[in-house]
Amino acid sequence: MKFRKNVLLSFVAAASLIAAAPAALATTFKMAIGDAAGGTQWELGSSFAKNLEQKTGGKHKVDLFPNGQLGSEEDTVNNAAMGVLDFSILAVNNITPFSPTVGLLTMPYVIQSADDAKKLTQGEVGKELTENTIRDAGVRIVGWAYSGFRVLTNSKKPVTTLDDLKGLVIRVPKNEIMIASYQAWGVNPTPMSWSETFTGLQQRVVDGQDNPYITVSAMKFYEVQKYVTNLRYIFSLEPLVVSESVFKDQKPEVQKAILDAGHEATEHSFKYLLETEEKIKKDLVARGLQITEPADGEKEWIAKATTTVWPKFYKSIGGKEKLDRALQTLGR
Ligand code: MLT
């Protein structure tokens, strides 16, 4: 009888362990987001989290930490590479220091439309850059936020010509291609990390910066900026990256769920941009921002940046042929 009671107890214990197993296997991943909630990064991240949870029957959830809570965008790449952070969404220009060939996507005036951005990221070029990023930076790109062109904002004066730019202190990311673009336009910009940018603008350490309309709105830059120049020099792409070591630790079906969730979130991001950008632009005007077009169809800006900057960075992006191939993909 005693024996039977023990067997029963072991059976109950085993049954409760089995019942607890799904909970024990469940994972809540952490995702760092550089921007405030409400922008394109947030849209991509929330869509990804929802998709992943659905695809894994609720076993894998993602907690989003916006506003640089988990460190600067550059720190999140290092942390993900070391496997102490699972996911991060950040601007592609802040990955380039770790994986220089990705600089192809920040070469001025290469991407001229949202469709161009989609073609490059989702075709052969995007595939190759994803592989390079795993190799160089220890992170895997599994999705893209399409955020729109980076427009120039400042607190001092309307800017339409390169002459107008003189005397302004412009914040740029710590990205050599962007620094070189402003130098080609005749000013020495101030490299500053993204997490310090709002305070830098507020305290007038810098007069201006560039980022897409949706980001300007999400970050409430309208509180500290007055003038916008509708530049089209860089189309902002913001990859969702997963730590390669975290990815490798997942079962094949979870890896597939991550890749599929990222793909669907990318599609969502593209739609979100097309549906939202114009509305946000109008809202920014209603909040007092003055938007001007660059003079003469941006000709001078384009000529200076492409003739000076492109040749300087052929080597770091893997050779002139990489840029030629991208332009060919875009039908130019
Ligand atoms: C930057 O300017 O550093 C980035 O584009 C900001 C961002 O992640 O939105």
Side-chain angles (χ1 to χ4, degrees), residues 31-46 64-80 85 87-99 102-103 105-108 111 117 121 133 137 139 141 143-154 169-182 189-202 205-222 224-225 228-229 231-241 269 272-273 276-277 280 284:
M31 181 188 285
I33 294 190
D35 294 353
T40 51
Q41 295 188 354
W42 180 259
E43 274 299 314
L44 179 77
S46 334
L64 277 59
F65 294 85
N67 242 335
Q69 284 174 63
L70 300 185
S72 72
E73 293 195 348
E74 292 89 344
D75 289 343
T76 68
V77 178
N78 275 326
N79 291 340
L85 172 68
F87 290 93
S88 175
I89 303 182
L90 71 165
V92 78
N93 44 268
N94 292 333
I95 291 196
T96 314
F98 302 93
S99 189
V102 175
L105 300 174
T106 29
M107 288 288 242
I111 297 178
T121 50
T133 308
V139 295
I141 299 170
W144 294 93
Y146 299 103
S147 302
F149 286 105
R150 296 180 73 105
V151 296
L152 173 66
T153 69
N154 85 87
V169 182
I170 304 293
R171 173 269 168 182
V172 284
K174 295 172 184 168
N175 175 295
E176 296 299 328
I177 298 176
M178 296 168 82
I179 294 169
S181 300
Y182 279 91
T190 304
M192 182 183 279
S193 89
W194 182 230
S195 46
E196 291 162 11
T197 303
F198 185 89
T199 314
L201 294 167
Q202 189 177 41
V205 177
V206 287
D207 303 317
Q209 62 85 47
D210 66 62
N211 258 292
Y213 286 111
I214 299 177
T215 310
V216 168
S217 167
M219 300 302 292
K220 296 193 169 44
F221 281 178
Y222 48 78
V224 290
Q225 298 283 268
V228 180
T229 312
L231 290 187
R232 301 171 74 81
Y233 88 116
I234 291 176
F235 185 97
S236 186
L237 288 161
E238 321 215 49
L240 160 60
V241 299
S269 173
Y272 175 79
L273 172 70
T276 316
E277 193 177 36
I280 296 270
L284 289 174

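Ligands are counted one by one from 1 in listed order, and the atoms in each one are counted from 1 as well.
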Taking all non-hydrogen atoms of both residues into account, name the closest pair between T215 and W194 and its distance.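 Between these two residues, the closest heavy atoms are CG2-CZ2, 3.7 Å.
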Between ligand 1 and [X], is the shortest N or O to N or O distance under 3.5 Å?
X: R171; answer: yes
X: Q41; answer: yes
X: R150; answer: yes

Pair Q209, T197: side-chain N/O donor-acceptor within cut-off below 3.5 Å: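 No donor-acceptor contact under 3.5 Å links the two side chains.
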Nearest to atom 9 (O) of ligand 1 by heavy atom, I89, V216, D35: which?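 Considering heavy atoms of I89, V216, D35, the nearest to atom 9 (O) of ligand 1 sits in D35.
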Could you pull out, from G39, P212, A91, the option with a heavy atom nearest to atom 4 (C) of ligand 1?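 The option holding the nearest heavy atom is A91.
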How does V172 reach ligand 1, by side chain, by backbone, by both or by neither, if only non-hydrogen atoms under 4.0 Å count?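 Neither; no heavy atom under 4.0 Å.
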Pick one of side chain, backbone, both or neither for how N93 approaches ligand 1, counting any non-hydrogen atom pair under 4.0 Å.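 Side chain only.
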So, 4.0 Å and heavy atoms of P173: is ligand 1 close enough to count as a contact?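 In this structure, P173 qualifies as a contact of ligand 1 - some heavy atom is under 4.0 Å.
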Would you mind checking which non-hydrogen protein atom is closest to atom 8 (O) of ligand 1, with the distance to 0.1 Å?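 Minimum-distance protein heavy atom for atom 8 (O) of ligand 1 reads E73 OE2, 2.5 Å.
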Do W144 and L240 make a side-chain contact, defined as non-hydrogen atoms from C-beta onward lying under 4.5 Å apart?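 No, their side chains stay 4.5 Å or more apart.
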Among V206, L152, T190, the one residue meeting side-chain contact (heavy atoms from CB on, under 4.5 Å) with I170: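 Passing option: L152.
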Of the options V241, V139, T76, which is the one that meets L85 in a side-chain contact (heavy atoms from CB on, under 4.5 Å)?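 Answer after filtering V241, V139, T76: T76.
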State which residues pass side-chain contact (heavy atoms from CB on, under 4.5 Å) with V228; sequence neighbours excluded, sorted by chain then number.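 V228: side-chain contact (heavy atoms from CB on, under 4.5 Å) contacts with V151, T153, Y213, L289, I291.
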Show which atoms of ligand 1 fall inside a sub-4.0 Å distance from at least one heavy-atom site of T215.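 That gives atoms 9 (O) of ligand 1.
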Donor-acceptor under 3.5 Å (Q41 side chain, E238 main chain):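 Flag not set: sc Q41 to bb E238 has no pair under 3.5 Å.
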